[in-house]
2 protein chains.
Amino acid sequence: MMNLGSMTVHQDCDDCPIRHRAVCARCEADELQLLEEIKYYRRFEAGSHVIWSGDKMDFVGSVVSGIATLTQTMEDGRTQMVGLLLPSDFVGRPGREGSAYDVVATTDLVMCCFRKKPFERMMETTPAIAQRLLQMTLDELDAAREWMLVLGRKTAREKIASLLSIIARRDASLNFNSSDGGLTFDLPLTREAMADYLGLTLETVSRQISALKKDGVIVLEGKRHVIVPDMARLMEEAGDDSDGGLLA
Amino acid sequence: MMNLGSMTVHQDCDDCPIRHRAVCARCEADELQLLEEIKYYRRFEAGSHVIWSGDKMDFVGSVVSGIATLTQTMEDGRTQMVGLLLPSDFVGRPGREGSAYDVVATTDLVMCCFRKKPFERMMETTPAIAQRLLQMTLDELDAAREWMLVLGRKTAREKIASLLSIIARRDASLNFNSSDGGLTFDLPLTREAMADYLGLTLETVSRQISALKKDGVIVLEGKRHVIVPDMARLMEEAGDDSDGGLLA
DNA sequence: TGGTCTGCTTGATCTGCGTCAAGGCGAGGT
DNA sequence: ACCTCGCCTTGACGCAGATCAAGCAGACCA
């Protein structure tokens with residue numbers, strides 16, 4: 001469940017759940033055997049549930065391609081997204097039985113999975129794995145806290161700008177698509193999903209996106225393709241003080 | 001920076017930063033020496049900063065007594081509390097240079113600290129420490145996400161009820177003060193601090209507390225002492241579906 | 001070519017909470 | 001006994017964002 005934080009990616013292996021030389025199945029010959037034995041891929045269609053809140057979760061893994069969301073729902077239907085899973089993000093809880101959240105594929109999704117039990121056994125015998133997971137979890141915790149500030153104290157316009165700048169930054173670190181000076185990316189979320197992430201309604205999301213467009217902070221091609229002519233401007237709109245903000 | 005989640009406490013040792021037999025200085029003779037060497041206590045006055053956001057943090061540790069808060073602040077002064085540190089909670093980031101947040105003592109505070117470098121060395125040689133920290137961090141992540149739902153989707157009244165029920169639960173698990181059938185505790189936070197935690201203003205906090213009092217959900221003795229005649233009722237007001245909610 | 005469906009936009013109105021402002025209450029000091 | 005200061009309460013008013021409602025645009029299908 002690693003999300004929102006960019007991380008250093010070891011270039012040689014791009015579908016391992018834990019992207020670090022010390023624990024990567026492709027890199028360390030002596031660990032390869034065990035990891036490969038318990039490794040498998042799963043494919044999910046856009047809109048399908050990867051796991052339901054409360055269900056038993058017998059695997060851990062990471063997103064290879066596509067996008068998934070982590071959401072909580074109250075009995076009356078109010079829902080809050082608590083995590084956004086982009087390629088390379090980790091899903092799962094070694095040492096936990098069930099999932100506390102719904103994990104939903106918002107696009108077609110491929111995940112690289114490990115059965116949980118053997119993975120946990122590996123964690124015990126290979127300390128570097130736990131340490132790597134600890135670092136990833138700390139990153140996620142920072143991201144979650146960053147998001148608490150967004151949810152608790154930012155205006156609707158700032159919330160939208162925050163979300164856009166996070167997606168832009170994540171996207172830019174995966175692909176390298178800053179072409180004509182302006183950063184460019186596709187929104188992976190519907191207006192409703194954005195609203196659930198930001199604690200807003202979809203109407204407010206729509207209005208604020210229109211406002212940012214009118215003010216020239218962003219340019220839209222269609223409804224999903226976004227061009228950011230001036231990233232610094234966008235981050236200013238987001239109320240971000242620091243340039244990077246989201247920790248390395 | 002463990003907060004909001006209750007955890008199993010090993011009864012024999014009540015001031016060790018990591019409350020688990022396998023890594024506790026008082027329990028494991030062979031580790032005692034190293035831990036004791038780098039262990040020391042620090043005292044903070046109510047209102048003083050334990051660490052400033054951005055400052056270098058050369059220790060990790062845990063709260064022995066008193067209460068501290070974790071807060072983020074925007075340039076214009078808007079602040080959001082992102083964590084509440086009660087006794088037994090852990091503070092610090094093995095593997096990180098600085099702190100991303102202000103840590104402030106809201107009451108007089110005693111912490112049990114370890115210098116970071118030696119602690120990190122211990123983490124490498126004693127795998128159980130990293131694994132224990134991972135579990136604690138996962139708990140904290142769950143708590144942060146629980147709080148995202150509170151911040152993003154709950155009404156002011158529900159927010160107050162959520163905070164009260166979390167404090168009540170935490171308090172009850174430390175002391176055993178359910179006397180006359182009604183649960184009882186002291187608010188460790190000012191109205192303003194509660195507002196910063198809940199993404200509200202202090203006036204709204206005050207009004208909603210008055211409203212809960214008027215409706216008989218809570219009874220106040222003075223401004224800080226709270227009696228909860230019916231915990232189930234309070235949790236219903238909080239919009240909590242599950243009974244425990246906050247994970248073990 | 002039209003029909004439907006899903007995602008999105010925009011307008012009108014309502015309301016929960018923020019903002020501004022005026023005290024109240026209890027602790028500690030002189 | 002009085003003053004002050006920090007913390008809290010309560011009231012009046014305004015506004016950002018929710019709610020209700022109507023309609024648009026593109027994808028897909030028959």
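Protein chains get the first letters and strands the later ones, always in sequence-line order, with residue 1 at the start of each.
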Discussion item. Looking at A/E192, I'd like to know if its CD atom is crowded, meaning that more than 12 non-hydrogen atoms belonging to other residues, nucleotides or ligands lie closer than 6.0 Å.
Written reply: no

Worksheet entry | With A/H225 via side-chain hydrogen bond (donor to acceptor under 3.5 Å, both in side chains) - residues at least two apart | A/D186

Item to complete: Assign A/G199 to base, sugar-phosphate, or nothing according to its heavy-atom contacts below 4.0 angstrom with the strands shown.
Response: sugar-phosphate

Worksheet item: Side chain of A/D76, backbone of A/R78: donor and acceptor closer than 3.5 Å?
Response: yes

Worksheet item: Shortest non-hydrogen contact from A/G199 to A/L151?
Response: N-CD2, 4.0 Å

Item to complete: Would you mind telling me which of B/D196, B/T79, B/T73 makes a side-chain hydrogen bond (donor to acceptor under 3.5 Å, both in side chains) with A/R153?
Response: B/D196

Discussion item. Which is more 5' along DNA chain D, the nucleotide nearest A/T204 or the one nearest B/V205? Just name the residue.
Written reply: B/V205

Compile the donor-acceptor pairs under 3.5 Å between side chains in residues 49-60 of chain B and protein atoms, sequence neighbours left out, one pair per line.
from: B/S53; atom 1: OG; to: B/A100; atom 2: O; distance (Å): 3.4

Worksheet entry | Atom-to-atom span, CD of A/Q208 to C1' of D/dG17 - whole angstrom | 9 Å

Worksheet, complete the sentence: Walking DNA chain D from its 5' end, the first of A/T201 and A/K223 to be reached, judged by nearest nucleotide, is A/T201

Worksheet, complete the sentence: Per nearest nucleotide of DNA chain C, the residue lying toward the 5' end, A/R153 or A/E192, is A/E192

Discussion item. How bent is the helix from C/dT1-D/dA30 to C/dT30-D/dA1, measuring the angle between the end axes built from five pairs each, rounded to 10°?
Written reply: 30°

Worksheet item: Mind checking what makes salt bridge (Lys or Arg N to Asp or Glu O under 4.0 Å) contact with A/E237, not counting sequence neighbours?
Response: A/R157, A/R233

Discussion item. Please identify the 5'-most and 3'-most nucleotides of DNA chain C with any atom under 4.0 angstrom from a heavy atom of chain A.
Written reply: C/dC8 to C/dA12

Worksheet item: Are more than 12 heavy atoms from other residues, nucleotides or ligands located less than 6.0 Å from atom CZ of A/R43?
Response: no

Under 3.5 Å, which protein N or O atoms sit close to an N or O of nucleotides 20-23 of chain D? Give each pair with its distance.
from: D/dC20; atom 1: N4; to: A/E203; atom 2: OE2; distance (Å): 3.2

Worksheet item: Does B/S210 make a side-chain N or O approach to OP1 or OP2 of D/dT10 shorter than 4.0 Å?
Response: yes

Worksheet item: How many Å lie between CZ on A/R191 and P on D/dC24, as a whole number?
Response: 19 Å

Item to complete: Quickly work out the A/L198 CG to D/dA18 P distance and round it to whole Å.
Response: 10 Å

Item to complete: Look at all strands and tell whether B/T190 reaches a base, only sugar-phosphate, or nothing, counting heavy atoms closer than 4.0 Å.
Response: sugar-phosphate

Worksheet item: Which whole-number value in Å describes the distance from A/I160 CD1 to D/dG17 P?
Response: 10 Å

Practice prompt. Considering only NZ, NE, NH1 and NH2 on the basic side and carboxylate oxygens on the acidic side, decide whether B/R93 and A/D139 come within less than 4.0 Å.
Written response: no

Fill in: Donor-acceptor under 3.5 Å (B/Q80 side chain, B/Y197 main chain)
yes

Discussion item. Using every non-hydrogen atom in the two residues, find where B/M81 and B/A193 come nearest and quote the distance to one decimal.
Written reply: CE-O, 3.2 Å

Discussion item. Tell me the interatomic distance from A/R157, atom CZ, to D/dG17, atom C1', rounded to whole angstroms.
Written reply: 15 Å

Practice prompt. Nearest whole angstrom, please: distance from the P of D/dA16 to the CG of B/L200.
Written response: 18 Å

Worksheet, complete the sentence: Scanning both residues in full, the closest heavy-atom pair of B/E45 with B/A105 reads O-CB, 3.7 Å

